[in-house]
Amino acid sequence: MIKLLKNITKREWIIAFLSFGLIFAQVWLELKMPDYMSEITILVQNEGSKMSDILVNGGYMLLCAFGSLVTAVLVGYLIANISASFSKRTRKMLFDKVENLAIHEVKQFSTSSLITRTTNDITQVEMLVGMGLQLMIKAPITAIWAITKILNKSWQWSTITAVAVAILLGVIACLVVIVMPRFKIVQKLTDKLNGVIRENLTGIRVVRAFNAEKYQEAKFQDVNQKLTGQQLFNQKAFAIMSPIMYMVMYGLTLSIYFVGAYLIKDSLMANKLTLFGDMVVFSSYAMQVIMSFLMLAMIFMMLPRAQVSAKRINEVLDTDISIKDGNFDGNTKETGTVEFKNVSFKYPDAEEYLLKNISFKAEQGETVAFIGSTGSGKSTLINLVPRFYDATDGEVLVDGINVKEYKQEALHNKLGYVPQKAVMFNGTVHSNVSYGENGSLEITEEKVKQAIKVAQAAEFVEKMDHGYDTHIAQGGTNVSGGQKQRLAIARAIARDPEIYIFDDSFSALDYKTDAVLRRELKKYTKNATSLIVAQRIGTIMNADKIIVLDNGKCVGMGSHKELLKTCEVYKQIASSQLGEEELNHA
């Protein structure tokens, strides 16, 4: 928690110190009121007291109460400003950190957990800063100040108050010890609940198609029941605190008056009035002491969960980023070349290599295709180019420079990437296709329209209600799979990159659209290098170079005709997809 609070800025510390001064004034005003009450008590008991004196002291009490109210409002406003700014900045830090994490580092936390940490966990810390900061300042000041005012009144009353405080501290300590570990379980169950909901919403079509609603409901009910059970236990535990607090408070008042009655009874007549006034004042100050410990109790109710949340947030912020920026700005002598030099790769913590000794070079304007059985490492191989992962051994060069030396922005500006699963963002057709625009890349409306045309998407886009301004739902749920794939291809084309990366990006297209798209793409990108992962021979048979992968190894490299003669693995794949006549014609 302390580590996270270091993110509070200098301006916020100044506001905090100003709040400290206001809280100090508020406590002084609240503790001044019993003095005026004591004075009024004595005035009422003395014969010959003037009503004006009573009213003056009453007026001072009202002024103290009003001043306390004003300072409380100001403190609330200032502390709310600190907590809101702190949570905004922490949320941005967390989001920026996740943006820079490598793929395997994101998977380490899970998507649902990262969402919980960015929302619920930060809210818990914000609540502690917002409410706790006020209480943590006010409670000790009130307690210490009130205690100094009552210590010299009566040792009997002081002893009773000390016993009451000891009982409260004992209850608070027991509750923290019991409940603290369970808050960690609550946050983990919240992660699971988010995961189940997210999974259900993402796969809603499959759920309905397989009549699996009851199965999903059972999964949700199981996690929800566990979360509810933990929350109920925690709330019941804290619910014990309230009656104990009030029992101690009222018991303390009763004890003070009970002891006070005996003290007044046994005292001299001249001291009775003074003792009575002291008893009234002591009772008021004792209540202030108890209230200050009640405020501390509220902090201890919030602190365990906030502590767990802060630890979860710090786990993400403290994660070492494995893929770090280089210093190279992207100005190279070569253009559009991609070279793998004895590249091997294994996932972090894995024992076996997924890719082994891969070497090839793609020159500018060439189309290099990758084919192989499922799990042979095709997608992993091309994911090394944009540095979604870094090669374990060997070098991956873009334009003659190792990708690890590039600034990531400069490297990505050279690439046009189309993922295996087309991703659409909430927005319009235009905003999705121009998504690659940044400070160094300008994507004009003309480029967007041209890219959509080349990607064979103009036909369906122009038929939409609002054309290029038609709304696209998050995930592209309001367009078909083939339409999403063509828009994703258009997004890459609009960037005019040196190197295109197509990760099985034509699988959702029919053969006719696939053929037309590739023909138009070849014309438009004749000076660009294309790296294509494909399952269909028809998609890649005209590539300049085809690389055949099997169990992470390169078992063949050459043109379609050459591989049919020299590579048994490629011939088997081709035989399973092409007829005998097509094979003989090739």
R117 versus R312, closest heavy-atom pair with distance: NH1-O, 2.9 Å
Sorted by chain and number, sequence neighbours left out, side chain to side chain contact (heavy atoms under 4.5 Å, CB included) with A65 holds for M33
Closest heavy-atom pair, N432 versus Y435, reported as atoms and distance to 0.1 Å, is O-CB, 3.2 Å
Would the distance check show the side chain of H430 and the main-chain N or O of E445 forming a donor-acceptor pair, the cut-off being under 3.5 Å? no
Using modelled atom types only, decide if a donor and an acceptor are shared between the side chain of K97 and the backbone of T319 within a distance under 3.5 Å. yes
Kindly compute the distance separating NZ (K324) from CZ (R387), expressed to the nearest 0.5 Å. 10.5 Å
Measure the spacing between SG of C64 and CG of L69 and express it to the nearest 0.5 Å. 13.0 Å
If we only count heavy atoms from C-beta on, is the E315 to F109 side-chain gap below 4.5 Å? yes
Test side chain to side chain contact (heavy atoms under 4.5 Å, CB included) applied to Y246 - qualifying residues, sequence neighbours left out: S242, M249, Y250
Report yes if the side chains of N413 and R495 come closer than 4.5 Å at any heavy-atom pair, otherwise no. yes
What donor-acceptor contacts under 3.5 angstrom involve side-chain atoms of residues 22-29, with partners at least two apart or in another chain?
unit_1: Q26; atom_1: NE2; unit_2: E30; atom_2: OE2; d: 3.3

Run the side chain to side chain donor-acceptor pair (under 3.5 Å) test against K88 and tell me which residues pass, sequence neighbours left out. none
Can you find a pair of side-chain heavy atoms, one from I204 and one from N200, that are under 4.5 Å apart? yes
Applying side chain to side chain contact (heavy atoms under 4.5 Å, CB included) to I178 and not counting sequence neighbours gives F233
Looking just at side-chain N and O atoms, do T116 and N194 make a donor-acceptor pair shorter than 3.5 Å? yes
Looking at A306 and L128, what are the two nearest heavy atoms and their distance? CB-CD2, 3.7 Å
Check the pair L189 / L193 against side-chain contact (heavy atoms from CB on, under 4.5 Å), numbers first and verdict last. CA-CA 6 Å; L189 287 171; L193 190 67; over 6 Å; no
So Y215 and K219, side-chain contact (heavy atoms from CB on, under 4.5 Å) or not? Walk me through it. CA-CA 6 Å; Y215 174 74; K219 281 177 68 178; 3.6 Å; yes
Distance from R91 atom CZ to I313 atom CD1, nearest 0.5 Å? 9.0 Å
Just checking H466: does its NE2 atom have more than 12 heavy atoms from other residues, nucleotides or ligands closer to it than 6.0 angstrom? no
Answer yes or no: are there more than 12 heavy-atom neighbours, outside K226 itself, under 6.0 Å from its atom NZ? no
Between G130 and I79 the two heavy atoms that sit nearest each other are O-CG2, 2.9 Å
Heavy-atom closest pair, residues V479 and M464: CG1-CE, 3.7 Å
In terms of relative ring orientation, are F328 and Y406 parallel, tilted or perpendicular, with 30° and 60° separating the classes? perpendicular
Work out which heavy atom in H471 is nearest to a heavy atom in N478; give both atom names and the distance. O-ND2, 2.9 Å
Test applied, side-chain contact (heavy atoms from CB on, under 4.5 Å); reference residue, L114; option that passes from L94, D191, T119, V316: V316
Using side-chain heavy atoms (C-beta onward) and a distance below 4.5 Å, is L74 in contact with L18? no
Within a 6.0 Å radius of atom CG on N327, are there more than 12 heavy atoms belonging to other residues, nucleotides or ligands? no
Is there a side-chain contact (heavy atoms from CB on, under 4.5 Å) between D469 and V429? Walk through the geometry before answering. CA-CA 6 Å; D469 294 321; V429 171; over 6 Å; no
For a 4.5 angstrom cut-off between non-hydrogen side-chain atoms, does K214 reach Q221? no
With a 4.5 Å heavy-atom cut-off, do I472 and T428 have their side chains touching? no
4.5 Å side-chain heavy-atom contact, V73 and Y77: no
Does a sphere of radius 6.0 Å around OH in Y468 hold more than 12 heavy atoms from other residues, nucleotides or ligands, not counting ones at 6.0 Å or beyond? yes
For Y60, the ring pair (Phe, Tyr, Trp, His ring centres under 6.0 Å) test, sequence neighbours excluded, returns Y36
Rounded to the nearest 0.5 Å, what separation is found between the NZ atom of K192 and the OG atom of S113? 11.5 Å
Would you call L201 and I197 a side-chain contact if the rule is heavy atoms closer than 4.5 Å? yes
Drop me the distance from L227's CG to L232's CG, to the nearest 0.5 angstrom. 9.5 Å
So which of I167, I160, V163 actually passes side-chain contact (heavy atoms from CB on, under 4.5 Å) with L252? I160
Taking atom NZ of K484 as the centre, report whether more than 12 heavy atoms of other residues, nucleotides or ligands fall under 6.0 Å from it. yes
So for atom CD, which belongs to E213, do other residues, nucleotides or ligands contribute more than 12 heavy atoms lying within a distance under 6.0 Å? yes
For S87 and A84, indicate whether the former's side chain and the latter's backbone hold a donor-acceptor pair under 3.5 Å. yes
Around atom NZ of K188, are there more than 12 heavy atoms of other residues, nucleotides or ligands at under 6.0 Å? no
Roughly how far, to the nearest 0.5 Å, is CG of D390 from CD1 of I323? 4.5 Å
